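Beneath this line is the structure, given in structure tokens, with notes to follow.
Because the structure is a prediction, the values reported are computed rather than measured. Heavy atoms only: backbone and side chains are in, while hydrogens, waters and symmetry mates are out.
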Amino acid sequence: MADYDLAIIGGGLNGVSLARDAVGRGLRVILVEQGDLGSAASSASSRLVHGDLASLERRRVLRVRAALAERDVWLRIAPHLVRPIRFAIPAHAEERPTWQLRTGLWLYDRLAARKRLPAATTLDVTHHPIGDALKRPIGTAFAYSDCVVDDSRLVVLTALDAAERGAAIRTGARCVRADRDRIWRLAIIHRGHRRIVTSRALANATGAWSVSTAETVLRQPPPRVVARQISQIVVPRLFDVDAVYVFQNHDGRLIFAQPYERDFTLIGTVAHEFKGDPAVVAMPAPDVAYLCRAANRYFRSDIQPVDVVRTVSGANMMLRAAGGERLETVVSLEASRTQAPLLTMCGGDVTTARRRAEQAINRLATFYPMSPRWTAGAPLPGGDFDWNRFDDLVDDVRARWRFLSEAEARRLAGAYGTRLADVLGDASSRAELGRAFGSQLTEAEVRYLMTKEWARFPDDVLWRRTKLGLTLGAAEQEALAAFMAAAARDQSTMPPHEVDGDSPARAVELQAIGG
């Protein structure tokens, strides 16, 4: 008998979504990730949960309808991570005519299965706050509703839900060989220790590593895919309104500028083919300049590449079909009477990740019985409240922990939802949370992230579980690295499923000094 029913290689959004779906249907699941959860393309998405207006323009109506239905699902199961927000498209005389935009948004609203969010409207931005940041003579904009999401936390909380339901989540674990017969036999190096596990089925969810994993680890024909890089820039805050600007660029692309961690603006995306090591994806200077120029067509505040405080890039795979056609998602299943199933899944967007995993696991139902699909109705950890009650949750947080500022309460409620008490406990003062690393990050939060959410290195905390790396200085980051290295030596600060093998303390020390 095999150790597991499904082994998953890759801890991005696709991988953890597969793990959550499968374990909730009664399968025994193990997921191995060589780095941190969501450390590649899953933390470099556009951060949008939407129907994709551009797809509507390409007449992909069914796709838009399905994505809008998933938008409603995410609002229901992750209301702390997925936030409704108004999007504004300034009308530009050199781009799409106003009748086309108005008609498209009218159809967009009607494709939504449930009318949860406000409908599209036309704005006179000369007398509306949305227009304050825009150049003249722009006088009209079209506003509609969609959502933004904290993509990297979505990955972590999906994995946390899977783990709490019984999945084994192994970070810092690399599958070096997988032999296929009637079952899979995997050789895994975890914390310096080699172990063998067996599984009835295997999923390759390694994203940009899909081809190399198939060739070198699985020794199977690789999927016919091409790597694509997406990139964005982070600049100081350019506008005060809580809205996402959608700019029509001269080449037909739609460029998004959205609020980012209160004091910043995220602008993107640029996408093109990628060749190179997916572990090192850097944003080319021409792409930075391109996004600056696109924003400068509309914003009054001029931004230049020197103003960019951070670039965000990731690479993923998309299908290369016969004739060179490219599609976004690969979901394939290979199996026979003599060989165990191999599921390959890569590409796709944040919005449809849950549904994509559900459909993929459905394909395994012919090999062994499982419970019905379930993920659309079960909230992620901390998401057990109504999507339109987030402000009430923030008020409750401030009433219970009175020493928190409004900004702190919003950040923490948005990260942990109704589980914030697991982080802050019964603290009645800031001092009871332990030492502080900067103005918001505390020892209590870091310990929680190490104990419950697989954080091992400073970057795991600063750029994925939070985005506080934007505001912490070098000395504060060094203090955090030293604290995490010391805490990692104490096995009690590690997740129960991570205590086997070598302690990550030495690895934390190496990262702190650039090793």
Side-chain angles (χ1 to χ4, degrees), residues 39-48 54 87-90 92 94-95 130-136 138 141 148 150-152 208 227-316 438 458-459 462-464 466-474 476-477 514:
S39 57
S42 295
S43 294
S45 78
S46 64
R47 294 171 64 93
L48 303 179
F87 285 58
I89 308 178
H92 198 293
E94 299 176 7
E95 308 299 342
I130 282 179
D132 292 346
L134 298 175
K135 288 181 176 179
R136 299 295 180 259
I138 296 173
V148 293
D150 187 333
D151 50 4
S152 51
R228 182 183 67 168
Q229 174 179 340
I230 61 170
S231 299
Q232 301 166 92
I233 58 174
V234 179
V235 298
R237 184 173 173 173
L238 295 175
F239 49 88
D240 294 327
V241 293
D242 188 28
V244 175
Y245 289 90
V246 185
F247 297 144
Q248 307 173 78
N249 208 17
H250 58 80
D251 56 5
R253 285 176 173 165
L254 296 180
I255 304 298
F256 296 86
Q258 57 182 284
Y260 190 70
E261 302 302 312
R262 194 180 68 159
D263 295 326
F264 300 90
T265 299
L266 181 70
I267 302 174
T269 61
V270 179
H272 52 72
E273 285 195 25
F274 173 77
K275 295 182 180 179
D277 183 356
V280 185
V281 185
M283 187 173 185
D287 288 353
V288 174
Y290 171 89
L291 290 177
C292 289
R293 288 195 302 270
N296 289 338
R297 292 186 73 202
Y298 292 87
F299 283 131
R300 291 185 179 184
S301 299
D302 184 76
I303 59 171
Q304 297 299 324
V306 69
D307 300 315
V308 174
V309 297
R310 181 173 173 81
T311 62
V312 181
S313 296
N316 209 333
D459 279 0
L462 296 176
W463 298 112
R464 286 181 285 278
T466 77
K467 296 295 183 295
L468 294 176
L470 289 166
T471 56
L472 261 64
E476 294 162 334
Q477 294 191 31

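Taking Arg47 as the reference, nothing meets the side chain to side chain donor-acceptor pair (under 3.5 Å) condition, with sequence neighbours excluded. With sequence neighbours left out, Asp307 forms a side chain to side chain contact (heavy atoms under 4.5 Å, CB included) with Ile303, Gln304. Remark: Asp251 pairs with no residue by the salt bridge (Lys or Arg N to Asp or Glu O under 4.0 Å) rule, at least two apart or across chains. Looking at residues two or more places apart in sequence or on another chain, you find no side chain to side chain donor-acceptor pair (under 3.5 Å) involving Thr265. Scored by the side chain to side chain contact (heavy atoms under 4.5 Å, CB included) test, Asp277 finds Ala279, Val280 as partners (sequence neighbours excluded). Applying the side chain to side chain donor-acceptor pair (under 3.5 Å) test to Gln477 and every residue at least two apart in sequence or in another chain returns nothing. With sequence neighbours left out, the side chain to side chain donor-acceptor pair (under 3.5 Å) criterion links Ser152 to Asp150, Lys467. Annotation: side chain to side chain contact (heavy atoms under 4.5 Å, CB included) contacts of His272 (sequence neighbours excluded): Gln229, Val270, Pro284, Asp287. Under the side chain to side chain contact (heavy atoms under 4.5 Å, CB included) criterion, Ala315 pairs with Ala208, Phe274, Val281, sequence neighbours left out. The ring-ring contact (aromatic ring centres under 6.0 Å, His included) check on Phe247 picks up Tyr245, Tyr298, Phe299, with sequence neighbours excluded.
Judged purely by atom type and a 3.5 angstrom limit, Thr471 uses its side chain to pair as donor or acceptor with the backbone of Leu468.
The side-chain heavy atoms of Leu291 and Val308, taken from C-beta on, include no pair separated by under 4.5 Å. Side-chain atoms of Arg464 and Asp459, non-hydrogen and from C-beta on, do get closer than 4.5 Å to each other. With contacts defined as side-chain heavy-atom distances shorter than 4.5 Å, the pair Tyr260/Gln232 does not qualify. The shortest distance between side-chain heavy atoms of Ile233 and Cys292 falls below 4.5 Å. Looking at Pro259 and Phe239, their side chains come closer than 4.5 Å, going by heavy atoms from C-beta outward. Inter-residue side-chain proximity for Val246 and Pro90 is flagged as unmet; no heavy-atom pair is nearer than 4.5 Å.
Smallest separation of non-hydrogen atoms from Arg136 and Gly131: NH1-O, 3.3 Å. Across every non-hydrogen atom of Ala44 and Ile230, the tightest pair is O-CD1, 3.0 Å. Between Val312 and Val234 the shortest heavy-atom distance is CG2-CG2, 4.1 Å.
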* Asked: Val288 and Thr311: side chain to side chain contact (heavy atoms under 4.5 Å, CB included), yes or no, with the steps?
  -> CA-CA 8 Å; Val288 174; Thr311 62; 4.2 Å; yes
* Trace of the side chain to side chain contact (heavy atoms under 4.5 Å, CB included) decision for Leu48 with Gln258 -> CA-CA 10 Å; Leu48 303 179; Gln258 57 182 284; 3.7 Å; yes
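In this structure, CG in Leu238 is found 11.0 Å from CG in Leu266, a value given to the nearest 0.5 Å. Atom CG of Asp151 sits about 8.0 Å away from atom OG of Ser46, to the nearest 0.5 Å. Rounding to the nearest 0.5 angstrom, the gap separating the OG1 atom in Thr269 from the CD1 atom in Ile255 is 6.5 Å.
Stacking of Arg253 on the aromatic ring of Tyr290 is recorded, both the 6.0 Å distance cut-off and the 45° axial limit being met.
The salt bridge (Lys or Arg N to Asp or Glu O under 4.0 Å) contacts involving residues 241-250 comprise Arg83-Asp242, where partners must be two or more places apart or lie in separate chains. Residue pairs meeting the salt bridge (Lys or Arg N to Asp or Glu O under 4.0 Å) criterion with at least one member in residues 292-305, sequence neighbours excluded: Glu94-Arg297, Glu95-Arg297.
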